[in-house]
Amino acid sequence: MNNFEETLDPEDWEPSRRLAHDMVDDAIRHLDTVRERGVWQEMPDHVRAHFKTPAPMGPQELEAVYEELRENLLPYSMGNIQPRFWGWYMGSGNFTGALGDFLAAVEGSNLGGGNSAAVMLDSQVVDWFKELMGFPPSASGTLTSGGSMANMVAHTVARNVMAGIDVRADGIMAMPQPLRFYASDQVHSCHQKALESLGLGARSLAEIPSDDHQKMDIAALEKAILEDIAAGIKPACVIGTAGTTNTGALDDLNAIAEICQRHAIWFHVDGCIGALLRIAPKHKALVDGMELADSIALDPHKWLHTPFEAGCVLLRDAKQHYETFEMHGEYLQLQTRGVIAGKFLGDYGFELSRGFKALKIWMSLKENGVEKFGRLIDQNIEQAQYLEQLVRSQPKLEIVAPVGLNIICFRYVNNTTDEAALREINTEIMLRLQESGFAVPSDTTIAGKHCLRVAINNHRTKREDLDFFIDKVLECGADLELQAANGS
Ligand SMILES: *Cc1c(COP(=O)(O)O)cnc(C)c1O
């Protein structure tokens, strides 16, 4: 009878073993030759068509499935594991992290909670982040999918603590006063999204002007707080950004902490880019004051190069964190013994079932040591300074924002001051570099000036990559000028 019962396990493991070994060999070859390939390439139509076929109702050999991926997936990646990828703000991954994801899936635990070693390990990773960020052992935290969710968790706790009522029972409609969150006008868009989702609305976020170094204007912050108090709005939270996404600017965290303390306001640090500076020996002073925060969001999938996804939020007050999210159905009552005993991780965020993303962080931190990750952060900042010098040495190139971290904003300038023409030429340079596979910069606009943006958050980048990149930018700009001269 039992012969008629099916399982997903193969009857004979031997072919699976062979194929899995091949996959590992291929993966190592893929990383070992990462420099030899272009950064990115457009997908041909037949590749796109591949992902439009109906659900496979019957089986096929795993070997054939894998072959499909080798042909149609791996050559058409985003490119952020490549040494000349500096677009937006990514991490570049690492092989140990990839093994961690594989082993986590094999181990298979649900990290919602339970009495497993995986839960111990997850808690240990959060404890390490508390230690590294200067939070006390009594603090709390949780791993999230990324920085957006880390900030959202923190804002939920801040909202509930600052509301003046029991928001969980009565909802935001019962709040006696509207709440206000403050951040600089350089704040990441995820904060608005979080406040919208939390029912507070986009207008609950006051954007404080930034100065000419893109740091929050502290006097303007204080003024906005006083005006809100006078108008009957309750100042709830100041978000200090440790490393803005546009330019890598760092708000004055000590000054923000002082204001928050004086007015009894929640102090949150968005450290998705910069919190990890605390482990960088040469640059840790840049985030002085972060340890005074009530909550910190950080992003291991950025400067720790954890393969996506991995974010983390820390909360100074473990009780407030727990009281915001704790919830158990009859079907999930905790015990003091057995499989469901112990701390329940689902009580610290929105998700119940959770993946074992801690393992990939844990393995690569153990293997390399925190100090090495710190040195890699310093290295990226020094590379940014090097690139800034390269840009400054070229009369055709112009730095658009002060370089304080690992982000360089600059543009190609021809003989015009016409912003629209400059936008057009720099956009074209960016797209040509991306499409050629030479490099992936992105772009942004700072104080009305459109520019190329290079965020060096990449442990594979070398200075020679930056030399090559500048050569290509100049070559491309010269081409475009020639083309314009011939065309008109
Ligand atoms: C990247 C980033 C975020 C969002 O993080 P995700 O991991 O992409 O969700 C938030 N804030 C800042 C400053 C960021 O750079």
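Note that ligands are numbered from 1 as they come in the structure, with each ligand's atoms numbered from 1 the same way.
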Contact region, E309 to ligand 1, non-hydrogen atoms below 4.0 Å, reads neither

Note: S148, heavy atoms under 4.0 Å from ligand 1, region reported as both

Among the heavy atoms of G311, does any lie under 4.0 Å from an atom of ligand 1?
-> no

Contacting atoms of ligand 1, where contact means under 4.0 angstrom from a heavy atom of [X]:
| X | value |
| --- | --- |
| I273 | 15 (O) |
| K302 | 1 (C), 2 (C), 3 (C), 5 (O), 14 (C), 15 (O) |
| C272 | 2 (C), 3 (C), 10 (C), 11 (N), 12 (C), 14 (C) |

request  = Decide if atom CD of E371 counts as having more than 12 heavy atoms of other residues, nucleotides or ligands within a radius under 6.0 Å.
outcome  = no

For [atom], which protein heavy atom lies nearest, and how many Å away is it?
| atom | result |
| --- | --- |
| atom 11 (N) of ligand 1 | D270 OD2, 2.7 Å |
| atom 10 (C) of ligand 1 | H188 CG, 3.4 Å |
| atom 6 (P) of ligand 1 | G147 N, 3.4 Å |

Ranking D299, V187, L298 by closest non-hydrogen atom to atom 8 (O) of ligand 1, top hit is D299

Taking distance alone, with N or O pairs closer than 3.5 Å, would you say [X] contacts ligand 1?
| X | result |
| --- | --- |
| H301 | yes |
| C190 | no |
| T241 | no |

Checking E428, E424, E398 against R411 for salt bridge (Lys or Arg N to Asp or Glu O under 4.0 Å), the one that qualifies is E398

- Is the Lys NZ or Arg CZ of R316 less than 6.0 Å from the centre of F135's six-membered ring, within 45° of the axis? yes

When you measure from the centre of the six-membered ring of Y322, is the NZ or CZ of K343 closer than 6.0 Å and no more than 45° off the axis? no

Is it true that [Y] and [X] share a donor-acceptor pair across their side chains at a distance under 3.5 Å?
| X | Y | result |
| --- | --- | --- |
| Q389 | Q385 | no |
| D270 | T241 | no |
| H155 | H191 | yes |

Next item on the list: Kindly determine whether D228 and R180 satisfy salt bridge (charged side-chain N to carboxylate O under 4.0 Å, His left out), including the steps that lead there.
Entry: CA-CA 8 Å; D228 277 345; R180 188 88 82 193; 2.8 Å; yes

The residue among Q82, Q383, R84, R460 that forms side-chain hydrogen bond (donor to acceptor under 3.5 Å, both in side chains) with D465 is R84

